[in-house]
Structures are given as C-alpha cells and as structure tokens.
**Q** 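Below you'll find the structure I mean.
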Amino acid sequence: MGSPVPDPVTHEVQGQLWLLLIALGGGWSLKRLIGGTGWFVGALVAAAAATALGVPVAAPAPALADTAQLLLGWSLGSRFRRESLARLPRLLVTSTILNVAAIGASALLGLLLAHRWGLSENSAILGAIPGGIAEMCITAASLGEPVAIVAAFHVVRVLGLLLLAVPLLRRITKANN
C-alpha cells in the first residue's frame, strides 16, 4: 500500500536553498539552547517541520546526496584503527550478536506496524530497523518506497534516544550509587 505522505522528489535550486537555510537556522538555534547534539537535532526538526508545514523545500540533487554520503563514510571510516579493533574480539562478537538480534526484533516490529497502520512492509521495516536516517532513506528511495515515512520513523527514534538517553543514564547511575 502506498504512503499517505507524498515524497519531495524535486531538486530545484530554490527549494534546496530554503532547505539549507531552514536546517542551518534550526541547527544553530538548538545548538545554542542545548549544546551537544543541537546542530543535528535542530536541523532535523526544522527540516521536518518545514516539510510538514508545506514550505517549498526540495530534496538534494542525487549527485549532492551521493557526495555527502561518500564524505560521511570516509570521515567515519578514517577514525577506525586496525590495532584498536584487533584488541577487542569479544566486543566485536558480542556486538555482532546483539546487532543481529536488534535487526531481527526491529524487522518484526516493522511488520507489526505495517499491518497495523496499512503501510508497505518494506517501508515499515526500513523505518523500524536500526541504522542511519540517510542510509535508510536512500535504501527506501532505491526500492521505490516512500522516503518521508521511513524518515519520520527514524526522526522519532533519534529524538527519543537523544532526549531520553541522558536522563535515563543519570537515573541508572544514581540508582547504582
């Protein structure tokens, strides 16, 4: 079943500039308010709000999105050192097992949500499984699935993690002391 929310598929320069300005404004504002993850969360929330309110934003051109993904992967990959990974075999095995279990449980959750809300199974699974927002949205787009639905799932997940992680950690730390 198709998505009730249309995907922005245009790549107009004016719409891209609006998106850039909105994301920068949201990121800068939230960075000043909460620090840390403000740039990320603020840009994400501002872009989502602009899209929901019908502001004429446009998706980045495919070449720009591909270049950004390449640079992001390069940046992340350059931080890993073989020596540090070689010293942690138990951690790698444990994290692999936990990741496979999390993906399986999330895929089941996605199937349940798809049947409950009448979404396509692919969209709901991509929205529920752990992974980066950009990667899941790129996968959704390549499968012809509604990117907005997948992004919305991940925005809710990321916001929940970012806003609840610190209070939860404080509560756990306080309980253990």
Side-chain angles (χ1 to χ4, degrees), residues 1-9 19 23 26-27 30 36-52 57-80 84-85 88-169 172:
M1 176 182 264
S3 165
V5 179
D7 284 335
V9 293
L19 181 61
L30 207 56
T37 57
W39 271 111
F40 177 76
V41 176
L44 193 60
V45 169
T51 302
V57 297
L64 184 61
D66 292 346
T67 302
Q69 282 297 112
L70 177 67
L71 293 174
L72 180 61
W74 186 5
S75 171
L76 292 173
S78 68
R79 296 176 188 212
F80 287 100
S84 61
L85 294 177
L88 304 171
R90 266 183 37 192
L91 176 64
L92 291 175
V93 170
T94 303
S95 65
T96 300
I97 292 168
L98 291 174
N99 276 310
V100 169
I103 290 168
S106 298
L108 287 175
L109 174 65
L111 289 173
L112 291 172
L113 293 173
H115 292 292
R116 171 70 176 102
W117 288 339
L119 301 170
S120 81
E121 290 179 352
N122 288 342
S123 296
I125 290 171
L126 285 172
I129 60 174
I133 296 172
E135 290 77 13
M136 294 301 116
C137 289
I138 289 169
T139 304
S142 69
L143 294 174
E145 296 294 330
V147 174
I149 295 295
V150 173
F153 272 95
H154 283 279
V155 167
V156 169
R157 177 183 58 84
V158 167
L159 287 176
L161 285 170
L162 292 173
L163 298 175
L164 297 175
V166 172
L168 184 60
L169 181 61
I172 291 169

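Values below: every heavy atom of this structure, side chains too, minus hydrogens, waters and symmetry copies.
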**Q** Within this structure, what is the CG-CD1 distance for the pair L98 and I103, rounded to the nearest 0.5 Å?
**A**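 L98 atom CG to I103 atom CD1 measures 11.0 Å (nearest 0.5 Å).
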**Q** Rounded to the nearest 0.5 Å, how far apart are CG of L112 and CD of E121?
**A**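 Rounded to the nearest 0.5 Å, the CG-CD separation comes to 10.5 Å.
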**Q** Go through it in stages, so that I can follow the logic: the residues are V45 and L30, the test is side chain to side chain contact (heavy atoms under 4.5 Å, CB included), and I'd like the CA-CA distance, side-chain angles, deciding distance and then a yes or no.
**A** CA-CA 10 Å; V45 169; L30 207 56; 5.5 Å; no
**Q** Please round to the nearest 0.5 Å and tell me the distance separating atom CD1 of I125 and atom CG of L119.
**A** 11.0 Å
**Q** To the nearest 0.5 angstrom, please state how far the CG atom of D66 sits from the CG atom of L71.
**A** 11.0 Å
**Q** Distance-only criterion, 3.5 Å: show the donor-acceptor pairs between side-chain atoms of residues 152-164 and protein atoms not counting sequence neighbours.
**A**
from: H154; atom 1: ND1; to: R157; atom 2: NE; distance (Å): 3.3
from: H154; atom 1: ND1; to: R157; atom 2: NH2; distance (Å): 2.8
from: H154; atom 1: NE2; to: L126; atom 2: O; distance (Å): 2.7
from: H154; atom 1: NE2; to: G127; atom 2: O; distance (Å): 3.4
from: R157; atom 1: NH2; to: G131; atom 2: O; distance (Å): 2.6

**Q** How close do S123 and V150 get, heavy atom to heavy atom, and via which atoms?
**A** O-CG2, 3.6 Å
**Q** What is the minimum heavy-atom distance between C137 and A151, and which atoms define it?
**A**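 Scanning both residues completely, I find the closest heavy atoms to be SG-CB, 3.6 Å.
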**Q** Are the side chain of T94 and the backbone of L91 linked by a donor-acceptor contact shorter than 3.5 Å?
**A**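 Such a contact is absent between T94 side chain and L91 backbone.
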**Q** Looking at every non-hydrogen atom in both residues, tell me the closest pair between A102 and P130 and how far apart they are.
**A** O-CD, 4.2 Å
**Q** So, taking the atom named CD1 in I133 and the one named CD1 in I138, what distance separates them when rounded to the nearest 0.5 Å?
**A**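 If I round to the nearest 0.5 Å, the distance is 12.0 Å.
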